[in-house]
Amino acid sequence: MDFIVELHQAATLDEAFAAYEKLVQSLGFDGALYTFVPQIYLENKLSITPLFKTSDAYSPAFLRHYQDAGFDQHDFTVKRIAQGERQVLDWWLESRKGLLTRRERKVIVTAREDYGIRNGLSLPLVGGMPGLGGVSCISSEKGDAYQALLHDKLRDLKHCTQVFHEHVMAQPHLRIYFLAPLLAQLSPKEKRLLQFVLSGLPMKTLPKHMDDVSQKYGEKLVDGIRAKFGGINKVRLIYYIAMLHLHDYL
């Protein structure tokens, strides 16, 4: 209940994640990493770096190595979540099954041997639209102690993680952390124009609603927005705005 209260009182994603991190550690895990990647980044290969929230126990050096080495391209947990996996992925259990490629296994071997992340598991949260989300929790427990931790606490971890993620996605002031890089590409005038586009009114009526923008210039601005979003068409643009609730920030 303390977790729920702190989560609902959080004014920022930092505060919400701090409440979740405290919960994770109270269950016996060392720390967690949380991310949400809007599907538009993935489908249209936008040059925007995915954002994370991490515990101090999650080595910053490993995260830098992960990004610099392009490990996201060979992270089996990312691939599985994108493919619709909804079960918890225990890194070393999956490795022992012998189904990981050499590059996929290198990611978790690097985490353990170079950065001391003994055990890790990833909890899929969402895949497809509106994006790809997940939490990875780490533990320094060994052998039977780690198995006991999973037996006793994994169910609670899964439930509380889902509560945390759903709360973040439902609150515009928390969700904006992951959407800010996309929104930063839009000028104030482009944001105003998107409000008009969402109204469904014909472009010929644009000057009545934006007296500083002609129909021709408005159409040029829409083309520019489409290009920033990966060269998508106007229908797809509206679809992304709706699915990501970008209208909350226009």
Side-chain angles (χ1 to χ4, degrees), residues 13 17 20 24 29 32-54 58 63 66-67 69-109 111 117 119-139 150 153-171 174-175 177-179 181-182 229-233 235-246:
L13 184 60
F17 183 76
Y20 175 69
V24 167
F29 295 88
L33 175 150
Y34 171 57
T35 188
F36 173 75
V37 183
Q39 187 66 20
I40 188 173
Y41 292 11
L42 305 172
E43 287 187 0
N44 299 292
K45 296 181 173 58
L46 301 188
S47 57
I48 298 176
T49 302
L51 299 175
F52 303 90
K53 281 296 176 186
T54 62
Y58 230 108
L63 294 177
Y66 184 98
Q67 292 183 324
F71 277 172
D72 58 307
Q73 301 298 315
H74 308 291
D75 188 331
F76 80 93
T77 66
V78 174
K79 182 175 73 174
R80 297 273 188 88
I81 295 172
Q83 291 173 344
E85 179 64 68
R86 291 296 176 267
Q87 300 302 312
V88 175
L89 297 166
D90 185 306
W91 300 354
W92 287 102
L93 177 61
E94 294 299 317
S95 179
R96 287 193 292 272
K97 292 178 181 179
L99 300 178
L100 302 186
T101 68
R102 179 180 59 82
R103 287 182 172 181
E104 289 172 343
R105 196 171 189 279
K106 182 180 179 180
V107 177
I108 57 176
V109 168
I117 301 176
N119 286 298
L121 52 87
S122 296
L123 293 78
L125 293 169
V126 63
M129 287 300 292
L132 185 155
V135 162
S136 290
C137 292
I138 57 176
S139 171
L150 297 183
K153 302 298 183 179
L154 182 55
R155 181 173 179 272
D156 291 340
L157 178 66
K158 289 168 59 179
H159 288 169
C160 291
T161 297
Q162 195 65 44
V163 168
F164 166 70
H165 175 68
E166 289 178 359
H167 181 74
V168 170
M169 290 294 107
Q171 304 300 318
L174 303 180
R175 187 175 67 240
Y177 175 82
F178 297 107
L179 300 176
L182 186 62
F229 281 27
I232 57 179
N233 61 36
V235 172
R236 196 67 176 170
L237 173 65
I238 295 173
Y239 174 72
Y240 277 125
I241 292 172
M243 290 301 297
L244 294 172
H245 299 280
L246 293 180

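Residue indices begin at 1 and follow the sequence shown.
Remark: Trp91 CH2 to Asn119 CG distance equals 9.0 Å, nearest 0.5 Å. Between the CZ atom in Phe178 and the CE atom in Met169 there is a gap of 5.5 Å [rounded to 0.5 Å]. One finds the CG atom of Asp75 at 3.5 Å from the OH atom of Tyr66 (value rounded to the nearest 0.5 Å). Atom CG of Asp72 sits about 8.5 Å away from atom NE2 of His74, to the nearest 0.5 Å. Taken from OG1 in Thr77 to CG in Leu132, the straight-line distance is 8.5 Å, to the nearest 0.5 Å. Note that OH of Tyr58 and NZ of Lys53 are 15.5 Å apart. Values are rounded to the nearest 0.5 Å.
Residues Leu125 and Tyr34 form a side-chain contact, since some pair of their non-hydrogen atoms from C-beta on lies under 4.5 Å apart. Using a 4.5 Å cut-off on side-chain heavy atoms (C-beta onward), Val135 and Phe36 make no contact. Between His167 and Leu174, the closest side-chain pair of non-hydrogen atoms falls below 4.5 Å. Side-chain contact between Phe229 and Ile40 is present, with heavy atoms from C-beta onward closer than 4.5 Å. Under the 4.5 Å side-chain criterion, counting only non-hydrogen atoms from C-beta, Ile108 is in contact with Leu100. With a 4.5 Å cut-off on side-chain heavy atoms, Leu150 and Leu121 count as touching.
Tyr240 places no side-chain N or O within 3.5 Å of a backbone atom of Pro130 that could act as its donor or acceptor partner.
When the side chain to side chain contact (heavy atoms under 4.5 Å, CB included) test is applied to Val24, the partners found at least two apart in sequence or on another chain are Tyr20, Phe29, Ala32, Cys137, Leu157. Applying the side chain to side chain contact (heavy atoms under 4.5 Å, CB included) test to Ala69 and every residue at least two apart in sequence or in another chain returns His65, Phe71. With sequence neighbours excluded, no residue forms a side-chain hydrogen bond (donor to acceptor under 3.5 Å, both in side chains) with Lys153. Not a single side-chain hydrogen bond (donor to acceptor under 3.5 Å, both in side chains) links Thr35 to another residue, sequence neighbours left out. Remark: Thr54 pairs with no residue by the side-chain hydrogen bond (donor to acceptor under 3.5 Å, both in side chains) rule, at least two apart or across chains. Partners of Glu166 according to the side chain to side chain contact (heavy atoms under 4.5 Å, CB included) rule, which considers only residues two or more places apart in sequence or in another chain, are Gln162. Remark: Lys79 engages Glu104 in a salt bridge (Lys or Arg N to Asp or Glu O under 4.0 Å) (not counting sequence neighbours). With sequence neighbours excluded, no residue satisfies ring pair (Phe, Tyr, Trp, His ring centres under 6.0 Å) with Phe17. For Ser139, the side-chain hydrogen bond (donor to acceptor under 3.5 Å, both in side chains) criterion is met by no residue, not counting sequence neighbours. Annotation: salt bridge (Lys or Arg N to Asp or Glu O under 4.0 Å) contacts of Arg175 (sequence neighbours excluded): Asp248. Taking the side chain to side chain contact (heavy atoms under 4.5 Å, CB included) definition, one finds that Lys106 meets it with Thr110, sequence neighbours left out.
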Go through Val109 and Trp92 one step at a time and tell me if the side-chain contact (heavy atoms from CB on, under 4.5 Å) criterion holds.
CA-CA 9 Å; Val109 168; Trp92 287 102; 3.8 Å; yes

Does the pair Val168 and Phe164 meet the rule for a side-chain contact (heavy atoms from CB on, under 4.5 Å), with working shown?
CA-CA 6 Å; Val168 170; Phe164 166 70; 3.8 Å; yes

Evaluate Phe76 against Val107 for side-chain contact (heavy atoms from CB on, under 4.5 Å), listing each step before the verdict.
CA-CA 9 Å; Phe76 80 93; Val107 177; over 6 Å; no

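Scanning both residues, Pro38 and Leu244, for their nearest heavy atoms gives CB-CD2, 4.0 Å. The minimum heavy-atom distance between Glu85 and Gln87, with the atom names listed, is OE2-N, 2.9 Å. When all heavy atoms are compared, the tightest approach of Pro124 to Ser122 is CD-O, 3.5 Å.
Environment of CD in Gln83: crowded, with over 12 heavy atoms of neighbouring residues, nucleotides or ligands closer than 6.0 Å.
Listed by first and then second residue, the salt bridge (Lys or Arg N to Asp or Glu O under 4.0 Å) pairs that reach into residues 89-102 are Arg80-Glu94, Glu94-Lys97, sequence neighbours excluded.
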